[in-house]
Amino acid sequence: NAGVTQTPKFRILKIGQSMTLQCTQDMNHNYMYWYRQDPGMGLKLIYYSVGAGITDKGEVPNGYNVSRSTTEDFPLRLELAAPSQTSVYFCASSYPHSYNEQFFGPGTRLTVL
Amino acid sequence: TQLLEQSPQFLSIQEGENLTVYCNSSSVFSSLQWYRQEPGEGPVLLVTVVTGGEVKKLKRLTFQFGDARKDSSLHITAAQPGDTGLYLCAGRTGTASKLTFGTGTRLQVTL
């Protein structure tokens, strides 16, 4: 099993550009999450999903959108990128019948200039 | 809004020293997890504690859940350079589908 995979690993965007961060998991987990981590800080929840077709906002959803058409995939869309969105983005998944123990991907480092 | 405060924020120690990291909240959690994140990687789960007062050991790491399930501690005995990383606690309320992550403790262990 590959676990949680994220692409791309690195990306530089110009202000106003858009992009999609990809996240795929092969563990058949129902729950999936997107976090951002600013330098030296903890994790802030952007969006999460408890199953295909169901998404909900986290702490910091502004400027982002998500969709969940399959159990495996949970892409994060950035519209009109801003310097404040410079961060490392982590995708995670968990199995609902555990204590919500989360498995994380390797992250995408995004810089907006 | 639930907050999980971790202390200290930064810790730099020499190999062989002992240390304790604290995770505190005013909220009650049904379970609490500890993760370690190494530079350039995603967090990796170390342990989950569920019962108030519970103590779990993972080699040289000892985790304790507070009696009231509002706080937790991580004690490392004889730290090694391989323990270097960001330690994050995360609490779950009831059967919620999301976690509240702590502010993090960055540990550096030098030779």
Side-chain angles (χ1 to χ4, degrees), chain A residues 2-7 9-10 21 23-25 27 29-51 54-61 66 68 74 87-109, chain B residues 1-12 21 23-25 29-51 54 56 58 63 65 69 72 85-108:
Chain A
V4 179
T5 57
Q6 293 183 238
T7 56
K9 289 200 169 194
F10 304 94
L21 282 66
C23 174
T24 300
Q25 53 91 10
M27 297 174 282
H29 285 169
N30 292 75
Y31 293 178
M32 294 188 74
Y33 308 85
W34 275 106
Y35 296 92
R36 60 176 287 172
Q37 185 176 40
D38 297 329
M41 306 294 284
L43 299 169
K44 292 184 179 179
L45 182 63
I46 305 171
Y47 270 96
Y48 66 104
S49 169
V50 299
I54 306 169
T55 63
D56 210 344
K57 295 178 180 180
E59 300 174 67
V60 289
V66 293
R68 183 94 182 272
F74 190 39
S87 190
V88 181
Y89 291 83
F90 289 100
C91 179
S93 70
S94 69
Y95 183 57
H97 301 298
S98 67
Y99 297 107
N100 204 0
E101 293 153 339
Q102 300 192 3
F103 295 82
F104 285 82
T108 294
R109 184 175 296 274
Chain B
T1 302
Q2 300 162 347
L3 289 174
L4 271 172
E5 296 286 341
Q6 288 185 237
S7 61
Q9 190 175 2
F10 300 100
L11 195 53
S12 181
V21 175
C23 172
N24 294 295
S25 176
F29 294 102
S30 58
S31 62
L32 191 135
Q33 298 159 19
W34 284 91
Y35 293 80
R36 179 169 65 208
Q37 183 180 18
E38 297 186 16
E41 299 182 8
V44 175
L45 179 69
L46 295 174
V47 77
T48 300
V49 286
V50 179
T51 307
E54 182 177 3
K56 279 192 173 179
L58 184 66
F63 305 85
F65 202 11
R69 291 184 287 127
S72 181
L86 178 68
Y87 289 81
L88 295 163
C89 62
R92 184 189 193 196
T93 303
T95 58
S97 52
K98 55 184 179 178
L99 300 175
T100 299
F101 276 86
T103 48
T105 294
R106 190 165 298 278
L107 172 65
Q108 182 169 15

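As the structure is a computational prediction, the values presented were derived from the model and not from experiment. First the proteins, then the strands, lettered A, B, ... as listed; each starts at 1.
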Distance, nearest 0.5 Å, that separates CG of B:L45 from CD of A:E101: 5.0 Å
Top contributor to chain B interface from A:V88, A:D56, A:N100, A:V50 [non-hydrogen pairs under 4.5 Å]: A:N100
Within the side chain of B:Y35, is there an N or O that forms a donor-acceptor pair under 3.5 Å with the backbone of A:Q102? yes
Residue part contacting chain A, namely of B:Q6, when any heavy atom lies under 4.5 Å: neither
Under 4.5 Å heavy-atom distance to chain B, tell me which part of A:L45 shows up: side chain, backbone, both or neither. side chain
Name the member of A:Q37, A:R109, A:M41 that forms the most heavy-atom pairs with chain B at distances under 4.5 Å. A:Q37
Which residue out of A:N30, A:L43, A:V4 racks up the most heavy-atom pairs below 4.5 Å with chain B? A:L43
Out of B:S97, B:S31, B:G104, B:G102, which one racks up the most heavy-atom pairs below 4.5 Å with chain A? B:S97
Please classify the contact of A:Y48 with chain B as side chain, backbone, both or neither, using a heavy-atom distance under 4.5 Å. side chain
What part of A:F103 gets within 4.5 angstrom of chain B, counting heavy atoms only: side chain, backbone, both, or neither? neither
Heavy-atom cut-off 4.5 Å, strictly under: side chain, backbone, both or neither for B:F10 against chain A? neither
How many angstroms lie between OH in A:Y47 and NZ in B:K98, if you round to the nearest 0.5 Å? 12.5 Å
With only heavy atoms counted, which part of B:V50 is less than 4.5 Å from chain A, the side chain, the backbone, both or neither? side chain
So, the part of B:L88 with a heavy atom under 4.5 Å from chain A: the answer is side chain
B:Q33 versus chain A, heavy atoms under 4.5 Å apart: side chain, backbone, both or neither? side chain
Around A:K44, counting heavy atoms of other residues, nucleotides and ligands shown, do more than 12 lie under 6.0 Å from its NZ? no
